[in-house]
Amino acid sequence: MSALRILVPVKRVIDYAVKPRVNKAQTGVETAGVKHSMNPFDELSVEESVRIREKKSAPGGVEDICVISAGPTKAQDVLRTAMAMGADRAIHVETKPDDDLEPLTVAKLLKAAAEQQKSNLVILGKQSIDDDANQTGQMLAGLLGWPQATQASKVEFGEGDIVSVTREVDGGVETVRAKLPMIITTDLRLNEPRYASLPNIMKAKKKPLEKKTLADFGITGEKRLKVLKVMEPPPRQGGGKVEDVDGLISKLKELGAI
Amino acid sequence: MTCRQPLTPVLRQLTRTTSFELGRQSSRSQASSLARTAAKASAASGSRRCFSSSQPRPLKATASVRQAQSKDDFTSTKYPEIKRDERFASLTPDHVAYFRRLLGGNGSALIDGVTGEAADDLAPFNSDWMRKYRGHCQLVLKPSSTEEVSKILKYCNDNLLAVVPQGGNTGLVGGSVPVFDEIVLSLGRMNQILEFDEVSGTLVAGAGVILEVADQYLAERGYIFPLDLGAKGSCQLGGNLATNAGGLRLLRYGSLHGTVLGVEAVLPDGTVVDDLSRLRKNNTGYDLKQLFIGAEGTIGVITKVSIQCPQRPAAQNVALFGLASYENCQRAFREAKSQLSEILSAFELMDEGSQALVHQVTGSKRPLESPYPFYCLIETSGSNVDHDSEKLQNFLESVMEQGIVADGTLAQDETQLRSLWSWREGITEALGHLGGVYKYDVSIPLSQMYQLVEDTRARVAEAGLLGDGEEHPVRAVVGYGHMGDSNLHLNISTRRFDARVEQVLEPFIYEWIAERQGSISAEHGLGLAKKKYIGYSRNPTMVGLMKQIKRLYDPKGIMNPYKYI
C-alpha cells in the first residue's frame, strides 16, 4: 500500500462557545474582538490523521500530515494548534481580512494544493460552524475525480489501498469502501480531539509554516454569491411574567393547573 | 461560601418547585435516600457535623418515598445538645396576620405554615442544598423593600421572635438554615440593580440580586463582578457579603472587605443603617460596614450593597500543569507571580486523588496523558490578547525548561478553557456523587499547606480506615484549593458513615491547624458547623470582643440564633 500523504484543511472560525452577533450594517456577523478558534470538525480531522499515524492503522504508514488554511494572518494560530496536536507542517494561504471565500473557491484551492503536495488522502471537517455550507469536501471530490466518504464516524484501512468508512445515517450506520486517493469528511463521533501538550506546543513553533497567496495556486477570489442581508432570528413573543418561583406556583394554583 | 461549588440553577429549581409532580418525586426521592443516610448517621452515636450527605441523582419514587420526611434528619434531632431558647415566643396566627397586613396578600411575599398546610413550599427554606441541616421553620417572609425589612425586624424584636436571614441558601455550614422555628427572612425579592456608574464602575444593588445576574449585567457594560464562585447561579449578593465569600477571583481582586464600598443594613430593632457610600475613600470614623461583612446575619440584615467593579478582562487564558511534588507547585507559583504578575488571575491546586475521582465520576478524557501527583491550573486575564499570550508562552517555556513542570496543556479555545476549569470546579460535585464527604475549608501558611492532607491521610490509613476495598469506610483523602490564597480544601470521601472516621479526624485537624496559626474556616464561615471550634483560630479576648459586639447590636439575641459565636 502506498504511504499516506494526508492533507487536512482547517478553518479559523468564531469560537464555538461565543454567541455571534449580527453587525449594525446587517451584512454579516461581528468578528472584530471576538474570540476565534479552530472549526471543531477540523479538529476531528487533525486528530484522526494523527491517530492513523500513532496507531499505525494504515499498512503503508503515514508519510506526511500537512494542514492548510486560507484566511487572515491570525489563521496561523489555528495552524500552530494543529501542529501542536501532531501535524507535521502547515501552509497558510493569506487572504485579505474581509475576503470571504466561497466553498467552490476553497475546493479549487484545495484541488491545486492536493496536486502540488501529492496528497493521496484529504480529511476535511464535514462543514464549518460559521457558514454551515457542508459543500467543500463534496466539491473537492468532484473536481479531483476522487471517491468520497462523507460524515465519517470510523475509518479503517485494508490491503491494496482500500479504505472502509463507517458513516451514521438515518436509522443506522452505513459502511462504504473506496480506494486511495480519496476524500473523507468527518463527523462528531469520529474521535475526541486531544489537548495540545506544552512540549508539543513548543515544538509546533519550530515546525515549518509556508506562506502562500491565492495567486500561487492560480486562484482568483471571484464571488458568485452575494449576501443581501443577515438578520438575527426574531425574538420570541413573551407571555406573562411572575416575580419568582413562589409567584409562579401561586399563579399555577390560581389557574388550577396544579 | 464555597468556591465554584457546582450548584446549578436547575438543581435549585428542582427543589423549589416541589408542587409539580415531577419536582416532588425527585426532591422526595432525594430526600428519602438522604434521610436514610442521615438516619444511619444519627443512629451511630449522634454524629453529625461535617458529614455531608451526597446529592443522589433522582431516580424514581419508591415505597420509601412516603417515609421521606423522617424525623431523624432534623438538625434538632442530630444535635440534641442544642436546645431551643425558651425566651423566644412561638408563632401565633396573630403574628402571621400582622405580617400578612404588612406585606400584602400577594402569594410571593409570604409562605405560611402556621395557619395552613405549606410543608412542601417551606421545605426548600428549611434545609440547605447538601441536606445536612433541616429546621422547623413555619413562616417565610419575603419583603420587597428596606422599609418592610425594618418593620418586620422591629416587630420580631418587640415580640421576641427569632429570625434567620436567607439569601440563595447555598452555604456549606448551615448558617442560613433555621434550627428550630425561627422565621426565615428571604431577601430574594429585593433583586433590583439600583444604579451603575459606567465611569467609576460602582454598582449599587439590592441584597437579593443573584450573583450571576449581577455579573451578566456588568458584562454587557464591560465590567466584571469582583467575586466568582461555583454557586453563582443561585447565591445572592447579600449572602455573599454576609458570609464574606472568597472564591476564584480573590487572588486578583481581593476580598469583599476591600471591594465593598457601602452597605445598607437593618438592625434588629428596625433601625436602618444607611452606609451605602459610593466612595472609595472615606476616613470618617469607624468603618462599621465591615462588621456586617462576614457577620452571617447575626447583627443585622444587609439590604443593599454598593461595590467597586473592575474592568472586564478582554483576554483570558488557562493552562493546566502536571507537577511531580508540592515543592514544585510552590516554585511554579513563585514563577507565575514574578513572570505573569499583573495578568495572573487564578492559581489553583489539585492533587491526583481529587482528579482521579473526577475522572471516575465524569468519565471525561483527562487533559494530560499520564497522571502526576499534583496539578496546577493557572488563569490569566488581561486587556491585550497578544501581550498576554506572549507572556504566558515565555512563562510556560521557562517552567518547562527549569523542570518545575513535568507536563501541561494550554487551552486552545473557549471550550477547552471551560473544560480545563471543570477539572477544578467539578471536584465538589464528583465527590458528592460518590458518597458522604467530610469537608474542611482551611487556611494554612503556604509552605505547610499540603502537609495537612498527607498527615491526615497517614492518620486515617494508620487507623485502618483507608483503602480500596469495601471493608474500608474511607475511599480517599484528597486536597485541592486556592493555592494563590493559601486556602486548602481537605476532603475525606467515604463509602458509608462510620463513627471511627470522625474520631480520627477531629479534633486532630483543628489542633494541627491551630499549632500552625492557621484558620479553621477560610471562606465557608462558621454557621452552625464550626461554631464550637472558633477557639482553635481566635483567642478568648477576640471571642469576648465579638460577643460584646453581638450584644450591642442585637441585645435580645433574635438574629440567627444558635450559630456563629
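Quick note on labels: first sequence line is chain A, next is B, and so on, each numbered from 1.
Contact detail for A:Pro199 and B:Gly408: the closest heavy-atom pair is CD-O, 4.5 Å. For the pair A:Tyr195 and B:Ser419, the tightest heavy-atom approach, listed with the atom from each and the gap, is OH-OG, 2.6 Å. Taking all atoms of both residues into account, the shortest heavy-atom contact from A:Ala17 to B:Glu414 is CB-CG, 3.3 Å.
For A:Arg194, the parts lying under 4.5 angstrom from a heavy atom of chain B are both the backbone and the side chain. Heavy atoms closer than 4.5 Å to chain B are found nowhere in A:Pro40, neither backbone nor side chain. Proximity to chain A (any heavy atom under 4.5 Å) is shown, for B:Glu401, by neither the backbone nor the side chain. A:Lys205 touches chain B through its side chain: at least one heavy atom from C-beta onward sits under 4.5 Å away, while N, CA, C and O do not. Only the side chain of B:Leu417 has a heavy atom closer than 4.5 Å to any heavy atom of chain A.
Summarising the local packing, CD of B:Glu390 is surrounded by 12 or fewer heavy atoms from other residues, nucleotides or ligands at distances under 6.0 Å. Shown here is A:Tyr16, whose OH atom has no more than 12 heavy atoms of other residues, nucleotides or ligands within 6.0 Å. Counting heavy atoms of neighbouring residues, nucleotides and ligands inside a 6.0 Å radius, atom CZ of A:Arg189 does not exceed 12 of them. Within a 6.0 Å sphere centred on NZ of A:Lys251, heavy atoms belonging to other residues, nucleotides or ligands number 12 at most. A 6.0 Å sphere centred on CD of B:Gln402 holds more than 12 heavy atoms belonging to other residues, nucleotides or ligands. Counting non-hydrogen atoms of neighbouring residues, nucleotides and ligands closer than 6.0 angstrom, the NZ atom of A:Lys154 reaches no more than 12 such neighbours.
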Go through the steps to decide whether A:Asp244 and B:Lys142 satisfy the test side-chain contact (heavy atoms from CB on, under 4.5 Å), and finish with yes or no.
CA-CA 11 Å; A:Asp244 51 23; B:Lys142 301 171 152 196; 3.8 Å; yes

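Of the possible donor and acceptor atoms, one in the side chain of B:Thr409 sits under 3.5 Å from a partner among the backbone N and O of A:Ala196.
Under a 4.0 Å N-O distance rule, the pair B:Arg189/A:Asp246 does not qualify as a salt bridge. A salt bridge is absent between B:Lys365 and A:Glu192: the closest approach of a Lys/Arg side-chain nitrogen to an acidic carboxylate oxygen does not fall below 4.0 angstrom.
For the set A:Asp77, A:Asn200, A:Ile201, A:Asp15, the count of heavy-atom pairs under 4.5 angstrom toward chain B peaks at A:Asp15. Listed options A:Arg80, A:His36, A:Met38, A:Met202 were ranked by heavy-atom pairs under 4.5 angstrom with chain B; first place goes to A:Met202.
Side-chain contact between B:Gln412 and A:Val78 is absent, with no heavy-atom pair separated by less than 4.5 Å. Within the 4.5 Å cutoff, side-chain heavy atoms of A:Glu43 are placed close to those of B:Asp413.
Distance check: B:Leu320 CG to A:Ser197 OG gives 12.0 Å after rounding to the nearest 0.5 Å.
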